[in-house]
Asker: 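Take a look at the following structure, please.
Numbers here simply count residues along the sequence, with the first being 1. Source: prediction; values computed, not measured. Both counts, for ligands and for their atoms, begin at 1 and track the order of listing. What you see below is based on every heavy atom in this structure, not just the backbone, and it leaves out hydrogens, waters and symmetry mates.
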Amino acid sequence: EDLVREGRIAGKRVFIRADLNVPQDDAGHITEDTRIRASVPCIRLALDAGAAVMVTSHLGRPTEGEFKPADSLAPVAKRLAELLGRPVELRSNWVGGVQVAPGQVVLLENCRLNKGEKKNDEALARKLAALCDVFVHDAFGTAHRAEASTYGIAAFAPVACAGPLLAAEIDAINTALAKPKRPLVAIVAGSKVSTKLSILEALAKNVDQLIVGGGIANTFMLAAGLPIGKSLAEPDLVPAAKAVIAAMQARGAAVPIPVDVVTGKRFAADAEATVKPAAEVAADDLILDIGPQTAAQLAAQLKAAGTIVWNGPMGVFEFEAFSHGTEVVARAIAASSAFSIAGGGDTLAAIAKYGIEKDVGYISTGGGAFLEVLEGKTLPAFEILGRRAA
Ligand code: 3PG
């Protein structure tokens with residue numbers, strides 16, 4: 001945006017790395033296009049400023065050098081053209097050179113088909129850098145990867161900068177975590193403590209309430225001495241859960257443990273749902289959601305929050321009978337006057353299911369990248385762009 005204001009974009013070859021890695025069904029139809037829509041402002045900005053625009057992204061995890069039709073960005077090119085209201089030509093075999101005129105945009109085929117992309121090969125990165133005058137990193141979803149089209153190119157391009165999406169994502173996260181309006185409440189849910197332990201540990205140093213849900217809550221219930229029957233949990237991580245609870249308590253902060261739960265005897269949509277106090281979970285029970293009393297308590301805490309960070313559903317919300325906990329929490333976030341930020345695939349699915357997109361302060365396009373920022377890591381994208389700006 002600064003470069004546009006300074007008039008340094010007109011007539012320039014601008015290479016935009018976006019994250020257009022979107023889900024598709026078996027027939028190759030895009031099932032969810034948020035990331036494509038989120039890439040449009042950057043592309044429009046460059047086009048309106050008179051640049052010759054090249055855009056690329058990875059799609060999935062293809063084998064380098066082996067093109068299969070399912071790896072193609074062709075469906076993305078079509079959707080992008082609809083959104084931009086202008087043709088978007090898809091170019092293959094583009095590393096050696098790209099013909100593109102000022103005011104034109106082309107999409108460069110799946111960059112992970114290029115040999116050396118994943119391992120950030122220097123020769124490849126230099127070739128990519130040679131294609132452009134300005135490199136714009138706007139792929140927040142891929143900001144945690146150091147690959148040739150995200151990292152190496154940023155080191156060698158004549159000019160390298162962040163695009164508006166990358167900037168907006170990090171601003172939103174900083175608003176939530178670096179300068180939060182308190183109380184700061186984080187929801188970390190999902191099936192396993194092991195995949196989110198470093199997030200729980202990092203947040204335990206900062207947040208005022210750490211709400212756990214899903215299988216993660218089951219392990220915390222074990223740590224609190226509660227029975228969990230046959231529920232999904234990681235008993236070997238009970239000491240780690242206890243340490244998180246202790247770290248929070250030492251700061252006068254809390255990890256609320258469910259007081260009631262919804263159980264079933266089978267993991268199935270038609271399993272009979274039974275609400276019971278947390279202390280009364282039977283040996284053959286599966287905990288599949290938080291109970292109504294717990295959900296109401298959490299909703300009250302979310303109402304009083306100044307800032308909310310949300311990652312993960314509270315229960316198996318795909319099954320109607322076990323979806324109420326997630327729905328109550330989602331609606332409480334939507335109704336809260338707190339600044340809220342949400343990210344992660346399941347969380348976005350819950351937001352879509354309850355139609356609360358407009359009521360969440362910021363919805364991240366990052367999956368793994370969002371989680372790594374919550375861990376407190378400096379992502380490769382910000383590290384290299386910071387070095388270029390210095
Ligand atoms: C994502 O979907 O999280 C990003 O596009 C990154 O994809 P990757 O995990 O294959 O690098």
Asker: Is it true that Glu32 and Arg79 have a side-chain N and a carboxylate O under 4.0 angstrom from each other?
Answerer: no
Asker: Can you tell me if Thr150 and Arg17 form a side-chain donor-acceptor pair at under 3.5 Å?
Answerer: no
Asker: Is it possible for you to say whether Met221 and Val275 belong to one hydrophobic cluster, with membership spreading through side-chain heavy-atom contacts below 4.5 Å?
Answerer: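 Each belongs to a different hydrophobic cluster.
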Asker: Under a 4.0 Å N-O cut-off, is there an ion pair linking Glu327 with Arg331?
Answerer: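 Looking at Arg331 together with Glu327, the answer is yes, because their closest N to O distance falls below 4.0 Å.
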Asker: With the criterion set at N/O pairs under 3.5 Å, what does the list of contacts between the protein and ligand 1 look like, atom names and distances included?
Answerer:
residue, atom, partner, partner atom, Å
ligand 1, 2 (O), Asn21, ND2, 3.2
ligand 1, 2 (O), Arg35, NH1, 3.0
ligand 1, 2 (O), Arg35, NH2, 3.4
ligand 1, 5 (O), Asp19, OD1, 3.4
ligand 1, 5 (O), Asp19, OD2, 2.8
ligand 1, 5 (O), Asn21, ND2, 3.0
ligand 1, 5 (O), Arg35, NH1, 3.2
ligand 1, 5 (O), His58, NE2, 3.0
ligand 1, 7 (O), His58, NE2, 3.2
ligand 1, 9 (O), Arg61, NH2, 2.7
ligand 1, 9 (O), Arg145, NH2, 2.8
ligand 1, 10 (O), Arg61, NE, 2.8
ligand 1, 10 (O), Arg61, NH2, 3.4
ligand 1, 10 (O), Arg112, NH1, 2.9
ligand 1, 11 (O), Arg112, NH2, 2.7
ligand 1, 11 (O), Arg145, NE, 2.6
ligand 1, 11 (O), Arg145, NH2, 3.4

Asker: Sort out for me which residue in His137, Arg145, Glu383 forms a side chain to side chain donor-acceptor pair (under 3.5 Å) with Tyr151.
Answerer: Glu383
Asker: Whether the Lys196 and Asn311 side chains hold a donor-acceptor pair (N or O, under 3.5 Å, no angle test) is what I'd like checked.
Answerer: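 Lys196 vs Asn311: donor-acceptor pair found between side chains.
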